[in-house]
J.: 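Submitted below is the structure of interest, expressed as structure tokens.
Predicted model, so just to flag it, every value in this text is computed and none were measured.
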Amino acid sequence: MKFIKKNKFTIIAIICFLAVMLVALEVKNIFFPKAGGAIYGDRLDGIEEVKPTNKKISKITNALNEQESVKEAKVVIKGKIINVLITIDDEVSLEDAKKLPDIIMEKLDKDQKEFFDIQVIIDKTNDSAQFPIIGYKHHSKEGFAFTKDREEQEEQTEAES
């Protein structure tokens with residue numbers, strides 16, 4: 001009893017602090033109800049059934065690296081996007097570079113093509129006016145859409161001036 005009488009202000013302060021912390025926690029839960037949930041919410045539901053295995057990713061990487069024009073290929077999966085980074089030889093034309101994503105599509109299953117978006121970044125080791133190019137395939141579309149050719153853009157910009 002002596003302890004409680006001697007430290008009554010400290011005990012009251014601790015009780016008030018705990019009450020304020022509980023109220024703050026409840027307010028946080030009201031404003032951010034899914035704060036502890038997954039980053040992607042429920043957008044990744046079903047990904048485990050169609051996610052490419054490490055073996056399949058290796059097959060894609062090896063198939064790309066077997067091409068004479070490819071110096072290096074790397075596949076990275078982030079959420080619902082399969083990112084493919086390809087470095088090609090300096091002599092490769094723009095049209096030949098745009099054919100490389102077809103190799104990726106051959107290696108993926110139908111379910112994977114319908115679930116994942118695929119982004120392909122193709123670059124050369126030297127500085128080129130036409131590169132890097134980016135190809136993107138939405139999971140609901142059939143083919144890749146590429147960045148507009150830079151030479152055409154430059155010509156259009158000059159013509160507009």
Side-chain angles (χ1 to χ4, degrees), residues 21-22 24-161:
M21 291 303 294
L22 287 174
L25 185 63
E26 283 301 314
V27 169
K28 179 196 151 281
N29 287 339
I30 290 170
F31 286 110
F32 305 104
K34 293 185 178 183
I39 295 172
Y40 288 96
D42 60 357
R43 291 176 286 179
L44 297 183
D45 287 350
I47 195 170
E48 293 305 319
E49 289 90 37
V50 294
K51 188 171 185 177
T53 61
N54 289 337
K55 187 176 179 181
K56 182 162 298 241
I57 292 170
S58 295
K59 283 183 181 179
I60 294 169
T61 305
N62 292 338
L64 288 169
N65 284 326
E66 288 173 0
Q67 302 298 311
E68 288 182 25
S69 59
V70 176
K71 285 188 173 185
E72 181 183 10
K74 182 179 176 184
V75 178
V76 179
I77 298 176
K78 293 285 185 185
K80 285 184 71 171
I81 300 176
I82 298 175
N83 292 300
V84 183
L85 311 168
I86 303 172
T87 304
I88 57 175
D89 290 329
D90 297 335
E91 306 85 39
V92 178
S93 70
L94 183 64
E95 293 306 315
D96 289 339
K98 287 183 178 181
K99 294 177 185 173
L100 291 173
D102 295 337
I103 296 169
I104 301 163
M105 298 303 290
E106 291 172 3
K107 300 294 179 189
L108 292 174
D109 298 335
K110 181 181 181 230
D111 294 340
Q112 293 167 337
K113 293 175 197 175
E114 292 174 353
F115 188 85
F116 288 95
D117 291 358
I118 303 168
Q119 176 173 267
V120 180
I121 300 172
I122 304 173
D123 199 4
K124 289 186 175 183
T125 53
N126 71 348
D127 290 335
S128 174
Q130 293 180 326
F131 287 87
I133 59 172
I134 300 171
Y136 195 86
K137 182 200 160 301
H138 189 265
H139 63 273
S140 65
K141 304 289 182 187
E142 286 295 317
F144 281 84
F146 284 91
T147 52
K148 192 167 184 172
D149 293 338
R150 287 184 175 82
E151 287 181 0
E152 289 178 19
Q153 285 179 329
E154 290 174 11
E155 290 173 6
Q156 287 177 354
T157 305
E158 290 173 7
E160 291 174 358
S161 299

J.: With rounding to the nearest 0.5 Å, note down the distance linking CG in Asn83 to OH in Tyr136.
T.: 8.5 Å
J.: In Å and rounded to the nearest 0.5 Å, what is the CZ to NZ distance from Phe32 to Lys28?
T.: 8.5 Å
J.: Ignoring hydrogens, what is the shortest heavy-atom contact between Phe144 and Pro101? Give both atom names and the distance.
T.: CE1-CB, 3.5 Å
J.: Looking at every heavy atom in both Phe116 and Ile81, which two are closest together, and how far apart are they?
T.: CD2-N, 4.2 Å
J.: What distance do Ser69 atom OG and Lys124 atom NZ have between them, rounded to the nearest 0.5 Å?
T.: 10.0 Å
J.: With rounding to the nearest 0.5 angstrom, report the CD1 to CD1 distance, Ile121 to Ile86.
T.: 10.0 Å
J.: Could you tell me the separation between the CG atom of Leu108 and the CD1 atom of Ile103, rounded to the nearest 0.5 Å?
T.: 12.0 Å
J.: Tell me the closest heavy-atom pair linking Lys107 and Ala63, and the distance in Å.
T.: CE-CB, 3.6 Å
J.: Considering all heavy atoms of both residues, which atom of Phe131 and which atom of Ser93 are nearest to each other, and what is their separation?
T.: CZ-O, 4.3 Å
J.: Pick one: which of Lys141, Lys137, His139 meets side chain to side chain donor-acceptor pair (under 3.5 Å) with Asp117?
T.: His139
J.: Any side-chain heavy atom of Ile118 sitting closer than 4.5 Å to one from Met105?
T.: yes
J.: Among pairs that include at least one residue of residues 49-75, which meet salt bridge (Lys or Arg N to Asp or Glu O under 4.0 Å), considering only residues two or more places apart or in two chains?
T.: Lys56-Asp109
J.: Checking side chain to side chain contact (heavy atoms under 4.5 Å, CB included) between Val70 and each of Leu100, Ile122, Val92, Asp89, which is the one that passes?
T.: Leu100
J.: Roughly how far apart are Thr53 OG1 and Ile57 CD1, rounded to 0.5 Å?
T.: 7.0 Å
J.: Testing the basics here: between Thr61 and Ala73, what is the closest heavy-atom pair and its distance to 0.1 Å?
T.: CG2-O, 3.4 Å
J.: Near Asn54 CG, under 6.0 Å, is it more than 12 heavy atoms from other residues, nucleotides or ligands?
T.: no
